[in-house]
Structure formats: structure tokens, C-alpha cells
Amino acid sequence: MATKTKVKLVPLHDRVVIKQVKQEEVRSSGLFIPDTAKEKPQLGEVIAVGPGRFDDTGKRIPVDLKAGDRVVYAKYSGQEVPRGIYADDDEEEYLVLKDTDVLAKVQ
């Protein structure tokens, strides 16, 4: 009998791991949005942050984000993490993207 274990995803350099925020299926007007018509979400929560990249002189430039930050990111950026890899919950969707693909923090 195999047991599932959580894999800790550790981003390298200037990468961040984002948990995507789910889009509502029903609009305020009551209109139902099917999966085929949903757009890829652009809002997420930072789960993990890499240590930063190195500049030309070898000095590390830290990432301006931290775990727990809610962010807006570029629409077609990042690499999706396969379901079930990062957490036992297969409902959540995660992305690994560069810190430059993050457009803004949500306060």
C-alpha cells in the first residue's frame, strides 16, 4: 500500500511558486461559466520564493516577494506544476514563474 507524501517545491534563483486563485463559476448576474469558457486566472498567492538571482558582479539580488503575498501575474507566463505533485489536494493549481512575470502585489 503506497502512501502519498507532500513534495516541497523549492524555487531556484529568481523563481516563485504561486497557488492560483480559482475563478468563480457563477457571475453575480447568475450566469454560469463552463470550464471551456473560463480564462486562465491571473491572481494568486505566493507559496515559496527563491533566494534571488546573481548580477554581473556576482552579488545576489533578492526577490521582492514573500510567502503569503497575493499577486497579479502576466497572463501566459510560468510553468504549471502537475496536479498532486506539490500537495495531496488535487484541486489546487500551482505555477512556477520568474519574479519579473509578477506585475503587482494586491494589498
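The first residue of the sequence shown is numbered 1, and numbering continues consecutively from there.
Residues Ala67 and Ile47 share a closest heavy-atom pair of CB-O, 3.6 Å. Across all non-hydrogen atoms, the minimal contact from Val21 to Gly44 is CG2-CA, 3.7 Å. The two residues Leu12 and Pro51 make their nearest non-hydrogen contact at C-CD, 4.4 Å.
In this structure, Leu65 CG and Ile18 CD1 are separated by 7.0 Å, a value rounded to the nearest 0.5 Å. In this structure, CD in Gln20 is found 10.5 Å from OH in Tyr94, a value given to the nearest 0.5 Å.
A distance-only check finds a donor-acceptor pair linking the side chain of Arg60 to the backbone of Gly52 [under 3.5 Å].
If you run side-chain contact (heavy atoms from CB on, under 4.5 Å) between Tyr73 and each of Val16, Val46, Leu95, Asp99, only Leu95 comes through. No option in Val71, Asp69, Asp64 other than Val71 meets the side-chain contact (heavy atoms from CB on, under 4.5 Å) test with Val102.
Residues Arg15 and Val63 form no side-chain contact, since every pair of their non-hydrogen atoms from C-beta on lies 4.5 Å or further apart. Between Leu43 and Arg70 the shortest side-chain heavy-atom distance falls below 4.5 Å.
Within 6.0 Å of atom NZ in Lys105, more than 12 heavy atoms from other residues, nucleotides or ligands are found, so the atom counts as buried in its surroundings.
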